[in-house]
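Notes follow the structure.
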Amino acid sequence: MSSLQMFYQPRAVMHLLILCLFLETAFGQDIWSNPLSLELIVSPLKKANEFTATLQVKNNVDQCMAVKVSTVSNPNIKYISSHAIYTSCLCDVNNYFWDIQVFANTALQGKAEVVPAKDICPNNENISPVTSYIGTATQKIFVS
């Protein structure tokens, strides 16, 4: 019982509250500052200077979110099929693909943006309140 008496002192209570607030703020900011993780992988195709670009987007929070996924335009890159922009509900991990032709050494940048979940995620999914975040991943491509 005497060990609990220290909590009756205002200074000890204040220190405890500040410590709890600090720990919760640091933990919360870590999760919300990076709700997405991105990895861009570029693999060669059979033809010279043609590649498949795969952007893997991982959800780092425990709620689904709507994401818009694309690549940044680059004059050294031609999209073989199309320069697709994907919008999907991301609950865990999704992969997005582009077939590209590269004319010179360059860098490809993939981008994932959290957007408002208007009719993108199913109604029974737990939707994240994060609605404005943009993550990028860049991969250098060298032509032969």
Side-chain angles (χ1 to χ4, degrees), residues 3-4 6-7 9-144:
S3 63
L4 295 177
M6 71 175 214
F7 290 113
Q9 299 174 359
R11 182 176 294 179
V13 172
M14 184 63 74
H15 285 220
L16 181 63
L17 289 174
I18 290 171
L19 177 64
C20 291
L21 180 63
F22 175 74
L23 291 174
E24 181 62 29
T25 302
F27 179 71
Q29 285 178 348
D30 184 43
I31 289 175
W32 292 110
S33 65
N34 293 313
L36 301 176
S37 296
L38 284 74
E39 181 180 8
L40 184 60
I41 302 162
V42 178
S43 306
L45 293 174
K46 290 182 182 181
K47 292 186 178 180
N49 299 335
E50 290 188 359
F51 302 88
T52 294
T54 305
L55 183 61
Q56 183 179 72
V57 182
K58 179 182 176 199
N59 183 338
N60 293 332
V61 297
D62 59 353
Q63 297 173 316
C64 297
M65 60 183 73
V67 294
K68 182 173 143 182
V69 179
S70 62
T71 57
V72 177
S73 293
N74 183 323
N76 293 320
I77 297 174
K78 175 186 172 190
Y79 292 84
I80 296 172
S81 53
S82 72
H83 188 180
I85 298 173
Y86 302 95
T87 303
S88 64
C89 186
L90 180 66
C91 297
D92 189 25
V93 177
N94 285 354
N95 291 316
Y96 305 91
F97 304 93
W98 298 268
D99 287 334
I100 59 174
Q101 184 177 21
V102 179
F103 302 107
N105 293 344
T106 190
L108 177 66
Q109 185 176 33
K111 179 171 77 167
E113 177 180 1
V114 178
V115 296
K118 296 177 183 172
D119 299 326
I120 295 171
C121 292
N123 291 336
N124 59 350
E125 295 292 343
N126 189 11
I127 308 298
S128 172
V130 176
T131 57
S132 61
Y133 174 82
I134 298 175
T136 60
T138 303
Q139 181 68 43
K140 291 183 180 179
I141 303 171
F142 300 100
V143 295
S144 48

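Treat the numbers as computed from the prediction; the structure is a model and nothing was measured.
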Query raised in the report: Of all residues at least two apart in sequence or in a different chain, which pass the side-chain hydrogen bond (donor to acceptor under 3.5 Å, both in side chains) check with Ser88?
Result: Tyr96
Report summary line: Between the OG1 atom in Thr136 and the CD1 atom in Ile134, the distance rounded to the nearest 0.5 Å is 9.0 Å
Under 3.5 Å donor-acceptor pairs involving side-chain atoms of residues 36-47, not counting sequence neighbours:
unit_1: Ser37; atom_1: OG; unit_2: Asn60; atom_2: OD1; d: 3.3
unit_1: Ser37; atom_1: OG; unit_2: Asn60; atom_2: ND2; d: 2.8

Report task. Return each pair, listed once, that meets side-chain hydrogen bond (donor to acceptor under 3.5 Å, both in side chains) where at least one residue sits in residues 102-115; pairs must be two or more places apart or across chains. Result -> Asn74-Thr106
Report summary line: For Ala112 and Val69, the nearest pair of non-hydrogen atoms, with its separation, is CB-CG2, 4.2 Å
Query raised in the report: Should Glu50 and Ile80 count as side-chain neighbours, where that means a heavy-atom distance under 4.5 Å?
Result: yes
Query raised in the report: Does the side chain of Tyr133 reach to within under 4.5 Å of the side chain of Asn34, using non-hydrogen atoms?
Result: yes
Requested in this report: Only counting residues at least two apart or in another chain, list the ones meeting side chain to side chain contact (heavy atoms under 4.5 Å, CB included) with Cys89.
Outcome: Cys64, Cys91, Ile120, Cys121, Pro122
Query raised in the report: Atom CD1 in Ile141, atom CZ in Phe103: separation rounded to 0.5 Å?
Result: 12.0 Å
Report task. State, yes or no, whether a side-chain contact exists between Asp99 and Phe51 at a heavy-atom distance under 4.5 Å. Result -> no
Report task. Just jot down the side chain to side chain contact (heavy atoms under 4.5 Å, CB included) partners of Tyr79, sequence neighbours excluded, or say none. Result -> Thr71, Ile77, His83, Trp98, Ile100, Leu108
**Report entry** Lys68 vs Ile85 side-chain heavy atoms within contact, under 4.5 Å
**Finding:** yes
Query raised in the report: With a 4.5 Å limit on heavy-atom distance, are the side chains of Val57 and Val93 in contact?
Result: no
Report summary line: dist Ser128:OG -> Met65:CE (nearest 0.5 Å) comes out at 4.0 Å
Report task. Would you check if Asn59 and Val61 make a side-chain contact, meaning some heavy-atom pair closer than 4.5 Å? Result -> yes
Query raised in the report: Is it true that a side-chain atom of Asn49 and a backbone atom of Val143 form a donor plus acceptor pair closer than 3.5 Å?
Result: no
Requested in this report: Under the side-chain hydrogen bond (donor to acceptor under 3.5 Å, both in side chains) rule, collect the residues that match up with Thr138, sequence neighbours excluded.
Outcome: none
